[in-house]
Amino acid sequence: MVNYIFRVIGFYEDWANGRELSESEIYEASSLLGAPTRKLDVFLSRFRDVFGQVIEERCCEVGDGRVCIYSWSRKAFKRYFPAALDANGTIIFYARGEVKLISYPLHRAFDLGVRGVQLPNENPSMVTPRIDGWHVNLYWDPILNRWAFSTRYVLHNMVYVRGDLKIEEYGLTVNPIVSVAEDLASRMGLYQRLGEYKGWTFTLMIEGSEPATWVKGPPEMGRVEEYNLVLLTARKPSGELLDPIESSRIAEALGLRSVAERLLEVTPGIVEKAKESIEYPSLFLWYLSRGDKEHPEVYEVKSEVYEDYINVIMGSNAKSYILLVTSGSANLVSKLREKLGDQIVDETLQRITELETVLREAVTSNPEETRRLLRTKGLKQDVITSIFKAVEEGKAGRALRILLSTVTEGWRVEDTPLIISNLVDDLRLTIRGL
């Protein structure tokens, strides 16, 4: 078993308890932290930097020991070295000078948007969508002597209240996401089916009738009957990770839904499809022949339009609507027509065409009055400068997106044509010097 965080911490704890580390052990441990060295002091410095700045450790006292969960800091730049991959909710128990791994969830995927990350020159083994829900990990807790849930960031007895982490007695569930997962598991009789899986770690999503992107908060206990538990992957006690298809067989035995039910066809252009997806927040590309049985390579390709689409369809958000209709994607415009109707989309596009013409003329013929007008519309000076620069460089589409995403802030989709029409009228008056 090679959970990278557990391995590194094991070396560190051995040193802290007085054992002298060999050069090969120091080299292995420091390599897992992304900075190979044979010098103990350099390794220790790197260890403190990593576990103090980029991998977050949240702990609580339990009897004569402590339980800690490890997650990648959301404030840190994304980086990928071995220990970073397992910073996805790994849980370790410290007691009497020993450490024990008790939860070994699915490792982090490589984000294709991160500098230096490139897809392999081969087709992925499979493609799965990101379910727009709430991530939980399920594992056997030897301290509580029962199955327990955690999120990627906190244990069951931890919750953030106005940005501050509150920790209650171990065994008392206060985290709202975990509470819903526990209730779901109890309702469906999941715990009774898990007897033979002690030592396994399951990674699941709580999926509701509304996407988590729209809810922007935890699932509600009062709506538990609307949620499902969907299994992503299962990890054996040996550390071997079962891919979504292999895990689906266990999901069936446990009475769970499986992400394998939503496998997508591996086709040319899958990356472009992911970036323009309105069905899923992102797609995961699995390369099962790369990496090893514990850490097969998985790449995440995020949609560039999904959140805006959700904001339009569920919240009638005018700013998101503008960003989509000016994206240059005929497919997106077609989808908006299906959901919103031809009339509103046609009228919006017509007004945008008119605006493009008058904006270009106003910037050229009466720049000072145009700047004054835009200031009255609530645009800041740097935004106005960006609009002028885009027009002067012949990038009318960019200028329109900057302008309209500002003036439509806080309005609804149905207000958009009128907002643009009024702006066109004002710019025409500016052109005439009125």
Side-chain angles (χ1 to χ4, degrees), residues 1-14 28-34 46-62 65-74 76 78-95 98-110 134-144 147-158 165 167 170 175 177-178 181 197-205 232-242 247 291-298 300:
M1 181 185 297
V2 191
N3 177 288
Y4 296 131
I5 287 179
F6 179 67
R7 183 71 170 163
V8 169
I9 285 176
F11 284 125
Y12 182 83
E13 288 295 306
D14 283 349
E28 179 186 349
S30 58
S31 296
L32 295 177
L33 296 175
R46 174 67 175 172
F47 181 93
R48 292 165 186 143
D49 286 343
V50 168
F51 286 93
Q53 299 178 24
V54 296
I55 295 179
E56 295 177 337
E57 177 189 69
R58 299 179 183 88
C59 301
C60 66
E61 300 300 317
V62 181
R66 72 185 192 279
V67 177
C68 299
I69 185 169
Y70 295 89
S71 312
W72 187 257
S73 172
R74 284 171 282 191
K78 288 186 178 178
R79 280 175 272 174
Y80 300 107
F81 47 87
L85 292 179
D86 281 326
N88 211 30
T90 288
I91 300 174
I92 295 175
F93 178 44
Y94 297 76
E98 297 182 355
V99 292
K100 181 177 182 179
L101 179 65
I102 60 177
S103 180
Y104 185 179
L106 174 65
H107 53 281
R108 295 169 64 212
F110 295 101
W134 296 267
H135 182 126
V136 289
N137 297 314
L138 174 63
Y139 57 96
W140 176 258
D141 189 323
I143 305 160
L144 298 174
W147 288 92
F149 285 94
S150 72
T151 72
R152 283 180 293 177
Y153 300 99
V154 295
L155 300 171
H156 61 275
N157 62 325
M158 299 177 175
L165 181 64
I167 303 176
Y170 197 73
N175 185 274
I177 299 175
V178 171
Y197 293 103
K198 287 184 181 180
W200 290 63
T201 302
F202 300 98
T203 298
L204 311 101
M205 296 294 291
L232 304 183
T233 58
R235 194 183 291 278
K236 294 180 178 180
S238 65
E240 179 184 352
L241 183 77
L242 301 188
S247 298
D292 55 40
K293 290 186 176 181
E294 295 191 39
H295 300 92
E297 289 186 10
V298 184
E300 182 177 11

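By the 30° and 60° cut-offs, the orientation of the rings of F202 relative to W200 is parallel.
Under a 3.5 Å cut-off, the side chain of D86 and the backbone N or O of H107 do not form any donor-acceptor pair. Proximity of a side-chain donor or acceptor of R46 to a complementary backbone N or O of L33 within less than 3.5 Å is detected. Remark: the backbone N or O of V2 is paired with a side-chain donor or acceptor of E294 at under 3.5 angstrom.
E297 is listed as a side-chain neighbour of F110, based on a closest heavy-atom distance under 4.5 Å. Two residues are said to be in side-chain contact when any heavy atoms from C-beta on lie closer than 4.5 Å; N175 and T151 meet this criterion. With a 4.5 Å cut-off on side-chain heavy atoms, K236 and L242 count as touching. Between I143 and K100, the closest side-chain pair of non-hydrogen atoms is not below 4.5 Å. Under the 4.5 Å side-chain criterion, counting only non-hydrogen atoms from C-beta, L85 is not in contact with I5.
Partners of K293 according to the side-chain contact (heavy atoms from CB on, under 4.5 Å) rule, which considers only residues two or more places apart in sequence or in another chain, are E240. Listed by chain and residue number, R19 satisfy the salt bridge (charged side-chain N to carboxylate O under 4.0 Å, His left out) test with D14 (two or more places apart in sequence, or in another chain). Applying the side chain to side chain donor-acceptor pair (under 3.5 Å) rule to E28 yields the partners R7; only residues at least two apart in sequence or on another chain are considered. Qualifying disulfide (SG to SG under 2.5 Å) partners for C60, counting only residues two or more places apart in sequence or in other chains: none. The ring pair (Phe, Tyr, Trp, His ring centres under 6.0 Å) check on F47 picks up Y12, F51, with sequence neighbours excluded. When the side-chain contact (heavy atoms from CB on, under 4.5 Å) test is applied to E61, the partners found at least two apart in sequence or on another chain are R66. In terms of the side-chain contact (heavy atoms from CB on, under 4.5 Å) criterion, residue partners of T233 (sequence neighbours excluded) are, by chain and number, L106, T203, L241, P244, S247, W286. A search for side chain to side chain donor-acceptor pair (under 3.5 Å) contacts involving Y70 returns E57, Y94, not counting sequence neighbours. Taking the side-chain contact (heavy atoms from CB on, under 4.5 Å) definition, one finds that R58 meets it with E56, I69, S71, Y153, V154, M158, Y160, L165, sequence neighbours left out. By the salt bridge (charged side-chain N to carboxylate O under 4.0 Å, His left out) test, K78 pairs with D111, sequence neighbours left out. Applying the side chain to side chain donor-acceptor pair (under 3.5 Å) test to D141 and every residue at least two apart in sequence or in another chain returns Y170. Scanning for ring pair (Phe, Tyr, Trp, His ring centres under 6.0 Å) contacts around W72 gives an empty result, with sequence neighbours left out.
From L32, atom CG reaches atom CD1 of I9 across 11.5 Å, with rounding to the nearest 0.5 Å. Annotation: the span from I177 atom CD1 to R152 atom CZ amounts to 9.5 Å, rounded to 0.5 Å. Atoms CG and CG, on L232 and L204 in that order, are 6.5 Å from each other to the nearest 0.5 Å. A distance of 8.5 Å separates CG of L138 from OG1 of T201, quoted to the nearest 0.5 Å.
The two residues I55 and A83 come nearest to each other via the heavy atoms CD1-O, 3.8 Å. Taking all atoms of both residues into account, the shortest heavy-atom contact from L155 to S150 is CA-CB, 4.3 Å. Shortest non-hydrogen contact noted between Y104 and G239 is CE1-CA, 3.8 Å. Nearest heavy-atom pair, G89 versus S103, reported as atom, atom and distance to 0.1 Å: O-OG, 4.1 Å. Between W147 and Y139 the shortest heavy-atom distance is CE3-C, 3.2 Å. Scanning all heavy atoms of the two residues, the minimum distance from F81 to V54 falls at CZ-CG2, 4.4 Å.
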Open item on the list: Under the criterion side-chain contact (heavy atoms from CB on, under 4.5 Å), I'd like the reasoning laid out for I92 against V67: C-alpha separation, chi angles, the key distance, then a yes or no.
Closed with: CA-CA 6 Å; I92 295 175; V67 177; over 6 Å; no
